[in-house]
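Below, all heavy atoms of this structure are taken into account, side chains as well, without hydrogens, waters or symmetry copies. Lettering follows sequence order; numbering is per chain, from 1.
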Protein chains: 2
Amino acid sequence: MSDSSPAPKRRKEQRPLEILRAAIDLFGEQGFAHTTISAIAKRAGAAKGTVYLYFETKEALFEEAVRQFIKPMFSGIKLSVDRFPGTNRELLEMLIRRVYAQLVENEERRAIIRIVISEGQRFPHLGQFYHREIIQHAQKMIGQILQRGVAAGEFRESLAKSFPAVLMGPVMLAAVWKMTFDTAQPLNVQRFCEAHLDLIMQGLCTR
Amino acid sequence: MSDSSPAPKRRKEQRPLEILRAAIDLFGEQGFAHTTISAIAKRAGAAKGTVYLYFETKEALFEEAVRQFIKPMFSGIKLSVDRFPGTNRELLEMLIRRVYAQLVENEERRAIIRIVISEGQRFPHLGQFYHREIIQHAQKMIGQILQRGVAAGEFRESLAKSFPAVLMGPVMLAAVWKMTFDTAQPLNVQRFCEAHLDLIMQGLCTR
DNA sequence: TCTCATAATGACCCACGGGTCAGTAAGCGT
DNA sequence: ACGCTTACTGACCCGTGGGTCATTATGAGA
């Protein structure tokens, strides 16, 4: 018997993780400055002092919490580019759909994005870390798909190969929109995604 | 003699504007929570109490400062769609170039964007205001260009007409990149803009 | 059941910063 | 010059929240 929630005292080495979870939730909701250690402790079912048992300072807790949740962001998106059965066009399409599902439609992930943007100035580590863990991998993956697609005659030679990120522009906009303008004008992510795919695949101009 | 900086006491009805300028600078650099009224006052060459002569609370000052600088953002971008001499394609191209120049390359404007994203949760007014003053106008303008372009046979029928914002996605990404990842991997905005135009005009796929 | 190492607690300390207000001094009218 | 209005000042007040630490509670081993 014992444990569960009423009196799960003592004997816990999963405490740090519980605290990190609570922390990332609150930092995402309220930002760094407006989140108190007491609030984090309470949500984690612990006392304030317990937090300081595992983390030196609020800053340290913050950085570790964000890192903890940046790491797995890419694993949800990663797909084996090498062994994909379909065309490169289909692969790119699937990748983009997956990014919308993983980054735009998922509230916790959007919160991470907001945190990185908001606190990027005061915590340059975060921007660098996010770049290393997500952006770089994504760039490489997209670059690879483009290169193969061109070789296979599916894609034309475009400037996008120097800036793979340009393909993901609308994703960033959708994420920001959801966080910022959604009350003013709700965004239908599904249809936005379709418009995005339509645009980058076909372009605007007639020929 | 007199005035200038050493002892510009009293007699000022431009005081509020000086304070707003100082405020927007610091809010942009450090965010809402980390900016102190004393710091704003000091930068404006006034004492703390003076700030409270013109603004009720820190929140009020913040909202007014941001509004003050959101308003003119669109005027720098606006162009007369009706009487443009060139093609719709040229018009769209010029519009996008101008948006990069006004929003991405200008540090103060980027700061506004970061503020709206960062503080959008705690100050929903801001998101709504930005949407009303910038997003809505921009959507209308782009929608108009697309519509005419299709009518003139320059553009194909695309899903972008339901989501004009999708065209501006890469702009948002570039702005965020400059604020967040630029130390990790500097962004060449000029060339990024070219890649963006290339992409949306021509698309990726061969035909 | 008793002991002891240590996980956990929360009252406490104190720096910081939003907001106040009694006092100061700059100009203006006379 | 002399007052009088009022823009302006900054020392002060006090709530908040990061960080500490003496004390308590827990449970594993004897």
Side-chain angles (χ1 to χ4, degrees), chain A residues 1-66 115 119 122-123, chain B residues 1-66 115 119 122-123:
Chain A
M1 65 196 84
S2 75
D3 78 86
S4 84
S5 41
K9 313 242 169 187
R10 193 149 173 126
R11 294 289 88 198
K12 295 230 175 183
E13 295 336 345
Q14 59 270 36
R15 222 57 191 280
L17 207 74
E18 294 170 2
I19 293 171
L20 286 172
R21 271 196 190 290
I24 202 66
D25 283 356
L26 290 173
F27 284 135
E29 287 166 23
Q30 317 179 344
F32 175 79
H34 198 247
T35 300
T36 69
I37 298 287
S38 308
I40 293 171
K42 181 179 271 184
R43 178 172 296 208
K48 192 205 265 194
T50 306
V51 174
Y52 286 96
L53 239 47
Y54 299 103
F55 303 95
E56 284 291 315
T57 66
K58 191 185 178 189
E59 273 82 4
L61 169 58
F62 176 67
E63 295 214 351
E64 259 197 76
V66 179
I115 288 174
E119 318 289 356
R122 286 174 33 69
F123 300 90
Chain B
M1 66 197 82
S2 75
D3 77 85
S4 82
S5 43
K9 313 239 170 188
R10 195 152 172 120
R11 292 292 85 201
K12 296 231 172 181
E13 295 335 345
Q14 59 270 35
R15 220 61 192 278
L17 208 73
E18 295 170 1
I19 293 171
L20 286 173
R21 271 197 189 289
I24 202 66
D25 282 357
L26 290 172
F27 285 135
E29 287 167 23
Q30 317 180 342
F32 175 79
H34 198 247
T35 301
T36 69
I37 297 288
S38 308
I40 293 171
K42 183 179 270 183
R43 178 172 295 209
K48 191 203 264 194
T50 307
V51 173
Y52 285 96
L53 239 47
Y54 298 104
F55 303 95
E56 284 290 315
T57 65
K58 191 186 178 190
E59 273 82 4
L61 169 58
F62 175 67
E63 295 214 352
E64 259 197 76
V66 179
I115 289 173
E119 317 289 354
R122 288 176 31 72
F123 300 91

* Under-4.0 Å side-chain N/O to phosphate OP1/OP2 contact, A:Thr50 with C:dT9 -> yes
* **Side-chain N or O of A:Tyr52 closer than 4.0 Å to phosphate OP1/OP2 of D:dC21** => no
* Candidate pair A:Glu18 and A:Arg21, rule salt bridge (Lys or Arg N to Asp or Glu O under 4.0 Å), full reasoning -> CA-CA 5 Å; A:Glu18 294 170 2; A:Arg21 271 196 190 290; over 6 Å; no
* Rounded to the Å, how far apart are B:Ile19 CD1 and D:dT9 C1'? -> 13 Å
* To do: Would you name the heavy atoms of A:Ser38 and A:Lys48 that are closest together and state the gap between them?
  => OG-CE, 3.1 Å
* Quick one: on DNA chain D, does A:His34 or A:Leu53 contact a more 5' nucleotide (nearest heavy atom)? -> A:His34
* Between D:dG17 atom P and A:Phe32 atom CZ, what is the distance in whole Å? -> 13 Å
* To the nearest Å, how far apart are A:Leu61 CG and D:dG19 P? -> 10 Å
* To do: Compare every heavy atom of A:Phe32 with every heavy atom of A:Lys58, then report the nearest pair and how far apart it is.
  => NZ-O, 2.9 Å
* Compare the minimum distances between each of C:dA11, C:dT20, D:dT9 and the side chain of A:Lys48, then state the nucleotide with the smallest one. => C:dA11
* Side chains of A:Phe55 and A:Ile19: does their closest heavy-atom pair fall under 4.5 Å? -> yes
* **A:Tyr54 side chain near C:dA7 phosphate (N/O to OP1/OP2, under 4.0 Å)** => no
* Find the distance A:Lys42:NZ to C:dT9:P and express it as a whole number of Å. => 13 Å
* B:Arg15 vs D:dA7: side-chain N/O to OP1/OP2 distance below 4.0 Å -> no
* State whether the number of non-hydrogen atoms from other residues, nucleotides or ligands found under 6.0 Å of A:Arg43 atom CZ is greater than 12. => yes
* Structure fact -> Against the side chain of A:Thr57, the closest entry in C:dG19, C:dT9, D:dG19 is D:dG19
* Rounded to the nearest angstrom, tell me the gap between atom CD1 in A:Ile40 and atom P in D:dG19. => 11 Å
* To do: Figure out the CZ/C1' separation between B:Phe55 and D:dC8, and round it to whole Å.
  => 15 Å
* To do: Scan A:Ile37 against the nucleic acid and name what it touches under 4.0 Å (heavy atoms): base, sugar-phosphate only, or nothing.
  => sugar-phosphate
* Give a yes/no on whether any side-chain N or O of A:Lys58 is located under 4.0 angstrom from OP1 or OP2 of D:dG18. => yes
